[in-house]
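Positions are given from 1 along the sequence.
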Amino acid sequence: MSIEQIIVLALIQGITEFLPISSSGHLILVPLVTGWADQGVMTDVMVHMGSFVAVLVYFWRDILRLIIGFFGLVRGRANPWGKIALYIVIATIPAVIMGEVLDKTGFMDAVRGMPQIVAWNAIIFGILLYLCDRFGLWVKTVEDMTLSQALIIGTAQALAIIPGTSRSGITMTAGRALGFERPEAARFSFLLGIPAIAGAGALKLGEAAQRGEHISSDQLLTAGLTFLVGLATIAVLMRIIKYTSFLPFAIYRVLLGIALLAAIYAGVPLGAVQ
């Protein structure tokens with residue numbers, strides 16, 4: 001990859017993974033809009049791993065509480081953070097099942113060159129994000145989470161495997177619909193994403209290793225830059241949503257979707273996926 005492509009991919013992944021606007025959708029759009037060769041699944045995995053490390057670094061205190069709480073639960077000592085850790089594990093199961101099904105059926109490979117899926121999902125889930133944020137209550141924190149609520153958010157996360165949905169967007173949407181405060185919905189969204197991102201990345205890396213593929217220096221550089229951009233994005237987002245609604249992100253999603261649909265149906269070439 002050229003240095004320009006590396007920087008663009010890192011910026012897009014580092015920003016869009018944590019903003020509710022769909023990272024996978026934007027990664028798919030890069031080769032379609034620029035005409036660059038598709039960066040490939042391995043590069044997508046590496047930039048997601050860069051985002052994963054950014055979450056670990058930013059939320060290290062919560063993660064430490066989850067680990068300590070989980071082992072306390074294993075030893076028979078009930079505690080709030082152990083309960084939340086267990087909920088996160090259980091809520092990850094729907095995404096694991098859907099990811100396995102879509103991967104085995106070849107669905108994910110098929111949609112990499114279909115920007116219309118990104119467009120429609122950007123619009124539909126953008127509108128849903130606004131409605132749930134606008135009318136959702138502000139009464140709950142992560143510590144108030146119940147198993148049924150965690151499962152609802154986890155099921156929503158499973159939908160994010162389809163490009164254009166946005167993992168962070170759909171889980172924050174579900175959290176706001178359930179009455180969680182905006183920063184708390186974002187907080188649980190990021191914590192819930194840890195096992196999902198780690199598991200998907202490990203699976204893809206294992207498959208690549210079996211095929212004899214190796215991680216290139218370009219992919220490592222892209223992952224490193226993604227980590228830096230992602231860390232800054234999380235910090236900015238968590239500060240912004242204390243005072244601002246999700247409306248700007250919803251508007252962006254709808255405008256992006258409309259622009260893409262207009263280009264698609266007007267026959268404007270968006271580039272070729274190699």
Side-chain angles (χ1 to χ4, degrees), residues 4-5 7-39 44 47-48 51 98 102 107-136 153 155-177 182 185-186 189 193 226 229-230 233 236-237 240-241 243-274:
E4 293 85 1
Q5 188 172 7
I7 292 173
V8 168
L9 289 175
L11 286 172
I12 289 177
Q13 172 63 22
I15 294 173
T16 62
E17 173 67 22
F18 303 114
L19 301 184
I21 55 177
S22 177
S23 63
S24 60
H26 283 76
L27 287 173
I28 288 176
L29 291 176
V30 170
L32 293 173
V33 174
T34 64
W36 291 336
D38 190 307
Q39 63 273 6
D44 287 359
V47 295
H48 275 86
S51 301
M98 181 170 283
L102 295 184
F107 177 83
M108 297 309 298
D109 291 332
V111 300
R112 287 181 67 81
M114 299 175 64
Q116 60 268 35
I117 291 181
V118 177
W120 282 112
N121 281 340
I123 294 171
I124 293 170
F125 290 107
I127 294 173
L128 189 62
L129 172 65
Y130 166 73
L131 292 175
C132 290
D133 186 49
R134 173 66 179 80
F135 298 104
I153 298 175
T155 302
Q157 177 177 245
L159 297 175
I161 297 173
I162 303 173
T165 303
S166 171
R167 195 206 64 80
S168 62
I170 193 65
T171 51
M172 291 179 196
T173 297
R176 290 293 295 120
R182 193 179 299 123
S189 169
T226 301
V229 176
T233 301
V236 171
L237 176 65
I240 288 176
I241 60 177
Y243 312 104
T244 305
S245 74
F246 286 129
L247 178 60
F249 303 112
I251 292 174
Y252 172 82
R253 291 180 64 109
V254 171
L255 291 178
L256 173 65
I258 291 174
L260 282 172
L261 289 175
I264 292 167
Y265 293 121
V268 176
L270 297 178
V273 178
Q274 302 298 324

How many angstroms lie between [atom1] in [X] and [atom2] in [Y], if you round to the nearest 0.5 Å?
X    : Y    : atom1 : atom2 : result
I127 : T173 : CD1   : OG1   : 12.0 Å
Q157 : M172 : CD    : CE    : 11.5 Å
F18  : L237 : CZ    : CG    : 9.5 Å
F246 : L129 : CZ    : CG    : 6.0 Å
I21  : I15  : CD1   : CD1   : 8.0 Å
I170 : L128 : CD1   : CG    : 5.5 Å

Problem - side-chain contact (heavy atoms from CB on, under 4.5 Å) involving T244 - partner list, sequence neighbours excluded - result: I240, P248
Practice task
Output all residues satisfying side-chain hydrogen bond (donor to acceptor under 3.5 Å, both in side chains) with T226, sequence neighbours left out; order by chain, then residue number.
Solution key: none
Problem - Axial cation check for F125 ring with R253, 6.0 Å and 45° limits - result: no
Exercise for the section: Measure across T171 and S189 and return the closest heavy-atom pair with its distance rounded to 0.1 Å. Expected result: OG1-OG, 2.6 Å
Completion exercise
Residues G126 and A250: closest non-hydrogen pair is O-CB, 3.3 Å
Handout entry: Verdict with supporting geometry, S51 and Q13, side-chain contact (heavy atoms from CB on, under 4.5 Å)
Key = CA-CA 8 Å; S51 301; Q13 172 63 22; 2.9 Å; yes
Practice task
For L247 and D133, run side-chain contact (heavy atoms from CB on, under 4.5 Å): C-alpha distance rounded to whole Å, both residues' side-chain angles, the deciding distance at 0.1 Å, then the answer.
Solution key: CA-CA 8 Å; L247 178 60; D133 186 49; over 6 Å; no
Give every donor-acceptor pair under 3.5 Å between a side-chain atom in residues 257-268 and any protein atom, sequence neighbours left out.
none

Exercise for the section: Check for a donor-acceptor pair, side chain of R176 on one end and backbone N or O of G136 on the other, with a separation under 3.5 Å. Expected result: yes
Handout entry: T233 side-chain N/O to G14 backbone N/O, donor-acceptor pair under 3.5 Å
Key = yes
